[in-house]
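Down below is the structure, laid out as structure tokens.
Please read all numbers here as calculations on a predicted model, not as lab measurements.
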Amino acid sequence: MSRHVFLTGPPGVGKTTLIQKVTQALKSSGIPIDGFYTEEVREGGRRTGFDVVTLSGNRGPLSRVSSNSTSRCEYRVGQYVVDLVSFERLVLPLLRNVSHGGDTERRICVIDEIGKMELFSQAFIQAVRQTLAGSGTVVLGTIPIPKGKPLDLVEEIRSRKDVKVFNVSKENRNSILQDILAAVESCRK
């Protein structure tokens, strides 16, 4: 029996777009939902980084392109420097609150995404594990496809018995929405 739903697929395939569509549909049915997604930041047609956007409308930097390599401790993924302080300030209170929702009804927590940048945060890893273990929360999240060195938490999620994983592709991304919604709905029962 699935308790959580995750989307996976190559970068740029439309995972976040699907998460946003599912979120809108659930919100409009009055289902309690909170969480965050990541959004590209573009300047003059090129991607300069990513922002964390919470469903309540707060926004902060997750990462930015960095040209100068300074000597201070930096968390880097490719050309991006990760702003761990900003990320944790936005995301950790959300995850802690969602697991303490004392509703009889299962709440939904959106976590988009659990990827390399986010996994620099040990506190985030802990909070995600607690949220997945909690009985009152259904996680709707995204994880990257396996590439290079496996990410422990991502593989842990992928192999959990209580997680349903949808593989998003260019071929199915426009037809998969109802299936994802149905899966989330059945997790709430």
Side-chain angles (χ1 to χ4, degrees), residues 1-9 14-39 50-60 62 84-115 117-144 151-168 173 176-189:
M1 187 62 198
S2 298
R3 286 184 41 226
H4 308 291
V5 176
F6 279 85
L7 312 185
T8 190
K15 297 182 295 290
T16 298
T17 304
L18 273 165
I19 290 275
Q20 289 169 326
K21 286 179 177 170
V22 171
T23 301
Q24 284 315 115
L26 295 167
K27 263 187 174 167
S28 61
S29 334
I31 292 166
I33 185 165
D34 207 350
F36 75 94
Y37 58 89
T38 42
E39 194 168 81
F50 294 92
D51 275 355
V52 172
V53 184
T54 68
L55 297 188
S56 55
N58 297 324
R59 170 187 289 267
L62 168 62
L84 218 51
V85 175
S86 160
F87 172 67
E88 289 184 340
R89 203 175 44 225
L90 276 167
V91 167
L92 293 178
L94 269 181
L95 293 177
R96 293 194 179 120
N97 288 343
V98 82
S99 352
H100 298 303
D103 303 347
T104 47
E105 200 177 23
R106 286 222 176 115
R107 307 169 66 82
I108 295 169
C109 181
V110 173
I111 306 178
D112 173 25
E113 80 169 348
I114 299 171
M117 291 184 188
E118 295 82 2
L119 291 175
F120 281 122
S121 166
Q122 290 305 309
F124 173 69
I125 292 172
Q126 224 177 336
V128 168
R129 284 193 174 123
Q130 280 168 339
T131 308
L132 288 168
S135 59
T137 309
V138 174
V139 174
L140 169 61
T142 61
I143 50 177
L151 305 167
D152 291 349
L153 182 60
V154 171
E155 294 315 309
E156 196 180 298
I157 290 167
R158 200 187 308 281
S159 60
R160 283 178 69 114
K161 301 267 180 286
D162 62 354
V163 167
K164 170 123 177 87
V165 178
F166 285 93
N167 286 298
V168 181
R173 66 183 177 193
I176 201 173
L177 179 64
Q178 289 310 320
D179 295 345
I180 298 167
L181 265 171
V184 172
E185 291 282 6
S186 82
C187 288
R188 293 185 67 241
K189 292 191 169 58

Test of understanding: with ring-ring contact (aromatic ring centres under 6.0 Å, His included), list the residues that count as partners of F50, not counting sequence neighbours. Y80
Which residues share a side-chain contact (heavy atoms from CB on, under 4.5 Å) with S29, sequence neighbours left out: I31
With sequence neighbours excluded, what pairs up with S2 under the side-chain contact (heavy atoms from CB on, under 4.5 Å) test? K164, C187
Could you pull out the closest heavy-atom pair between R188 and P32, with the gap in Å? NH2-CD, 4.1 Å
Output all residues satisfying ring-ring contact (aromatic ring centres under 6.0 Å, His included) with F124, sequence neighbours left out; order by chain, then residue number. F87
Say whether, by atom type as modelled, one donor and one acceptor occur between the side chain of T38 and the main chain of D112 under 3.5 angstrom. yes
List the residues meeting side-chain hydrogen bond (donor to acceptor under 3.5 Å, both in side chains) with R158, not counting sequence neighbours, and say none if there are none. E155
Name all residues meeting the salt bridge (charged side-chain N to carboxylate O under 4.0 Å, His left out) criterion together with D51; count only those two or more places apart in sequence or in a different chain, and write none if there are none. R59, R64
What is the distance from atom CD of E39 to atom OG1 of T17, rounded to the nearest 0.5 Å? 9.5 Å
Only counting residues at least two apart or in another chain, list the ones meeting side-chain hydrogen bond (donor to acceptor under 3.5 Å, both in side chains) with S121. E88
Could you check if a side-chain atom of S86 sits within less than 4.5 angstrom of a side-chain atom of V52, using non-hydrogen atoms only? no
Distance in Å, L95 CG paired with D34 CG, rounded so as to fall on 0.5 Å steps: 9.0 Å
Worked check of side chain to side chain contact (heavy atoms under 4.5 Å, CB included) between E118 and L62: CA-CA 8 Å; E118 295 82 2; L62 168 62; 3.4 Å; yes
Mind checking what makes side-chain contact (heavy atoms from CB on, under 4.5 Å) contact with D162, not counting sequence neighbours? R3, H4, R160
Applying side-chain hydrogen bond (donor to acceptor under 3.5 Å, both in side chains), can you list everything that pairs with E156, at least two apart in sequence or on another chain? R129
S28: partners by side-chain hydrogen bond (donor to acceptor under 3.5 Å, both in side chains), with sequence neighbours left out: none
In a table with atom names and distances, give each donor-acceptor pair under 3.5 Å that connects a side chain of residues 19-27 to protein atoms at least two apart or in another chain.
unit_1, atom_1, unit_2, atom_2, d
T23, OG1, I19, O, 2.7
K27, NZ, L55, O, 3.4

Grab the two heavy atoms, one from I114 and one from L119, that are nearest each other, plus how far apart they are. CG2-CD2, 3.8 Å
Any residue meeting ring-ring contact (aromatic ring centres under 6.0 Å, His included) with F166, in chain and number order, not counting sequence neighbours: none
Hey, mind stepping through F6 and V139 against side chain to side chain contact (heavy atoms under 4.5 Å, CB included) and telling me if it holds? CA-CA 8 Å; F6 279 85; V139 174; 3.6 Å; yes
